[in-house]
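All figures in this text were calculated on a predicted structure; none of them were measured in a lab.
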Amino acid sequence: QNPWQEMFGEKALELIRELQRCSDGTLAPYNEDGVRQVLDEMKALFEQNQRDVRATAEGQQGLYAAIHFRHASLERNQRCLLAYVYADYRELGLRIRCI
């Protein structure tokens, strides 16, 4: 079993939960490992989609739902990563302006 299948979408959600836990104005350390794991998952999802799209172009049937599901998962992970990075930089920017 692939590692990304074990954590399917969970790491991206965990990054968002970290933001919620630190909503009191504290600046949590940047979770580089969590971000890297989400990016690795996204790469695996994208590569699998590419294989399935090629198979579909070659005439294989029944892959559309899986392709669509992985694409939606990619978009969700992307939104979570952008929210995480934006919130981290926004909080950092507020701290710099207050100095």
Side-chain angles (χ1 to χ4, degrees):
Q1 186 173 3
N2 292 331
W4 64 268
Q5 289 174 325
E6 294 171 8
M7 64 177 192
F8 194 72
E10 288 300 314
K11 289 297 178 181
L13 186 57
E14 183 58 34
L15 292 175
I16 298 303
R17 287 184 183 131
E18 280 183 26
L19 291 176
Q20 291 175 337
R21 284 192 292 267
C22 297
S23 63
D24 61 354
T26 60
L27 184 59
Y30 185 74
N31 187 346
E32 184 175 346
D33 185 52
V35 170
R36 174 63 46 209
Q37 289 175 6
V38 173
L39 290 172
D40 289 344
E41 177 184 347
M42 291 175 70
K43 180 180 178 189
L45 290 168
F46 180 78
E47 289 171 351
Q48 184 61 49
N49 262 9
Q50 291 297 321
R51 285 190 291 273
D52 285 356
V53 165
R54 279 194 288 287
T56 300
E58 294 169 359
Q60 188 170 349
Q61 300 284 322
L63 298 174
Y64 178 75
I67 293 168
H68 183 70
F69 180 75
R70 282 191 297 266
H71 183 75
S73 297
L74 280 165
E75 289 179 330
R76 177 181 179 262
N77 282 355
Q78 182 180 19
R79 284 191 308 271
C80 288
L81 277 179
L82 288 172
Y84 180 78
V85 170
Y86 175 75
D88 194 53
Y89 282 115
R90 184 171 162 237
E91 184 63 32
L92 184 61
L94 291 174
R95 290 184 182 277
I96 290 173
R97 279 185 268 166
C98 292
I99 295 177

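Contacts classified as side-chain hydrogen bond (donor to acceptor under 3.5 Å, both in side chains) and involving residues 52-63 (residues at least two apart or in different chains) are given here: Gln48-Asp52, Asp52-Arg70.
Contact of the Val38 side chain with the Asp40 side chain is not registered, since no non-hydrogen atoms from C-beta on lie closer than 4.5 Å.
Between atom CD of residue Glu41 and atom CG of residue Leu74 there is a gap of 8.5 Å, rounded to the nearest 0.5 Å. Distance CD1/Ile16 to CZ/Arg21: 11.0 Å, rounded to 0.5 Å. With values rounded to the nearest 0.5 angstrom, Leu15 atom CG is found 7.5 Å from Cys80 atom SG. To the nearest 0.5 Å, atom NZ of residue Lys11 and atom CG of residue Asn31 are 8.0 Å apart. With rounding to the nearest 0.5 angstrom, the CG atom of Leu45 is 8.0 Å from the CE atom of Met42. Rounding to the nearest 0.5 Å places OH of Tyr84 at 14.5 Å from CG of Asn77.
A search for side chain to side chain donor-acceptor pair (under 3.5 Å) contacts involving His68 returns nothing, not counting sequence neighbours.
Under the 4.5 Å side-chain heavy-atom criterion for ILVMFWY residues, a single connected hydrophobic cluster contains both Val53 and Leu63. At a threshold of 4.5 Å between side-chain heavy atoms, the hydrophobic network of Ile, Leu, Val, Met, Phe, Trp and Tyr places Leu19 and Val85 in one connected group. Under a hydrophobic-cluster definition in which Ile, Leu, Val, Met, Phe, Trp and Tyr are linked whenever side-chain heavy atoms come within less than 4.5 Å, directly or via other members, Leu39 and Leu13 are assigned to different clusters.
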